[in-house]
Amino acid sequence: AAAAAASEVSLEQRLGGRLQQTIGGMMLQLSPLLDADLVGGPFPEEIFDIPNLVYLDISGMKFGALPVDIDRLSGLQTLVAQRNELAALPESLGNLSALKKLFVGRNQLTALPSSLTKCTELKTVDIKGNPFPAGAIAQIEQMLGEEVKVKHD
């Protein structure tokens, strides 16, 4: 049993092994193939312990929701959360002042939080493949302003 325990890698160690250096900080990509045990579970709290995280890709992990305290990732510049069965995004996303790119395609979103207007660095929002009601895309584009490219179906 001790040998089995010794061979188990903690999630924190596994995430640390997956970190890559990128411009301005660290990058983490989770994969449904490599991280199958995390698919459908809660957002891993260990991600909050990664210093200088500027790029996070959790596509296909089916977390169902982003944590309300996602703004603890204060340096995050790119968030890729496609195919996660997200029905809503937390208002706290608007507190990510460094956020430049938000990819939330192929979820169950019908609206975006109005707090995104506080993300003054935001340049790209990809919302393709979400069941937005008629007229919602125009409202989102108006809300975010012409400096933000909104990619939609």
### Query
If you group Ile, Leu, Val, Met, Phe, Trp and Tyr by side-chain heavy-atom gaps below 4.5 Å, do Leu122 and Leu109 land in one group?
yes
### Query
Taking the side chain from Asn84 and the backbone from Leu86, do they hold a donor-acceptor pair closer than 3.5 Å?
no
### Message
In this structure, would Leu93 and Tyr55 fall into the same cluster of hydrophobic residues linked by side-chain contacts under 4.5 Å?
### Response
no
### Task
Measure across Asn130 and Asp153 and return the closest heavy-atom pair with its distance rounded to 0.1 Å.
N-OD2, 4.2 Å
#### Entry: Within-4.5 Å side-chain heavy-atom neighbours: Val148 and Leu116
no
### Task
Kindly indicate, with the supporting measurements, whether the criterion side chain to side chain contact (heavy atoms under 4.5 Å, CB included) is fulfilled by Ile58 and Leu66.
CA-CA 10 Å; Ile58 55 171; Leu66 293 177; 3.7 Å; yes
### Summary
dist Arg83:CZ -> Met61:CE (nearest 0.5 Å) comes out at 11.0 Å
### Query
For Leu30 and Leu15, what are the C-alpha separation, side-chain angles and deciding distance, and is it a side chain to side chain contact (heavy atoms under 4.5 Å, CB included)?
CA-CA 8 Å; Leu30 295 183; Leu15 293 178; 3.5 Å; yes
### Query
Taking it one step at a time, do Ser114 and Glu91 satisfy side chain to side chain contact (heavy atoms under 4.5 Å, CB included)?
CA-CA 7 Å; Ser114 59; Glu91 283 290 330; 4.0 Å; yes
Got a list of side-chain donor-acceptor pairs under 3.5 Å for residues 70-79, not counting sequence neighbours?
unit_1 : atom_1 : unit_2 : atom_2 : d
Asp71  : OD2    : Asn95  : ND2    : 2.8
Arg72  : NH1    : Asp69  : OD2    : 3.0

For residues 33-52, dump all side-chain donor-acceptor pairs below 3.5 Å to protein atoms at least two apart in sequence or in another chain.
unit_1 : atom_1 : unit_2 : atom_2 : d
Asp35  : OD1    : Arg14  : NH1    : 3.4
Asp35  : OD1    : Arg18  : NH1    : 2.8
Asp35  : OD2    : Arg18  : NH1    : 2.9
Asp35  : OD2    : Arg18  : NH2    : 3.1
Asp35  : OD2    : Ser31  : N      : 2.9
Asp37  : OD1    : Arg14  : NH1    : 3.0
Asp37  : OD1    : Arg14  : NH2    : 3.4
Asp37  : OD2    : Arg14  : NH2    : 2.9

### Task
Answer whether the closest heavy-atom distance between the side chains of Gln21 and Met27 falls below 4.5 Å.
no
### Query
Going only through I, L, V, M, F, W and Y residues with side-chain contacts under 4.5 Å, is there a path from Phe103 to Met143?
no
## Note on the structure
Heavy-atom closest pair (Gly60 atom, Pro32 atom, distance to 0.1 Å) is O-CG, 3.4 Å
### Message
As an exercise, state the distance from CG of Leu112 to CD of Gln139, rounded to the nearest 0.5 Å.
### Response
11.0 Å
### Message
Atom NZ of residue position Lys101 - does it have more than 12 heavy atoms of other residues, nucleotides or ligands inside 6.0 Å?
### Response
no
### Minimum-distance pair of heavy atoms, taken over all atoms of Pro133 and Thr110
CD-O, 3.4 Å
### Message
For Arg106 and Lys128: C-alpha separation, side-chain torsions, deciding distance, then whether side chain to side chain contact (heavy atoms under 4.5 Å, CB included) applies.
### Response
CA-CA 6 Å; Arg106 291 168 186 68; Lys128 292 178 189 158; 4.1 Å; yes
### Query
CG/Asp57 to CD/Gln82 distance, rounded to the nearest 0.5 angstrom?
7.5 Å
### Message
Donor-acceptor check, side chain of Ser115 to backbone of Ser92, threshold 3.5 angstrom: yes or no?
### Response
no
### Query
Under the 3.5 angstrom rule, does the side chain of Asn107 hit a backbone N or O of Glu85 as a donor-acceptor pair?
yes
### Task
Look at the side-chain heavy atoms of Ile, Leu, Val, Met, Phe, Trp and Tyr, link any pair under 4.5 Å apart, and say whether Ile137 and Val125 land in one connected group.
yes
### Query
Do you know which two heavy atoms are closest between Phe132 and Ile140, and how far apart they sit?
CE2-CD1, 3.5 Å
### Message
Under 4.5 Å between side-chain heavy atoms, counting indirect links through other Ile/Leu/Val/Met/Phe/Trp/Tyr residues: same cluster for Leu102 and Ile127 or not?
### Response
yes
### Task
Write down the atom of Ser97, the atom of Glu121, and the distance for their closest heavy-atom approach.
O-CG, 3.4 Å
### Message
So which atom in Pro67 and which in Pro90 form the shortest heavy-atom distance, rounded to 0.1 Å?
### Response
O-CG, 3.7 Å
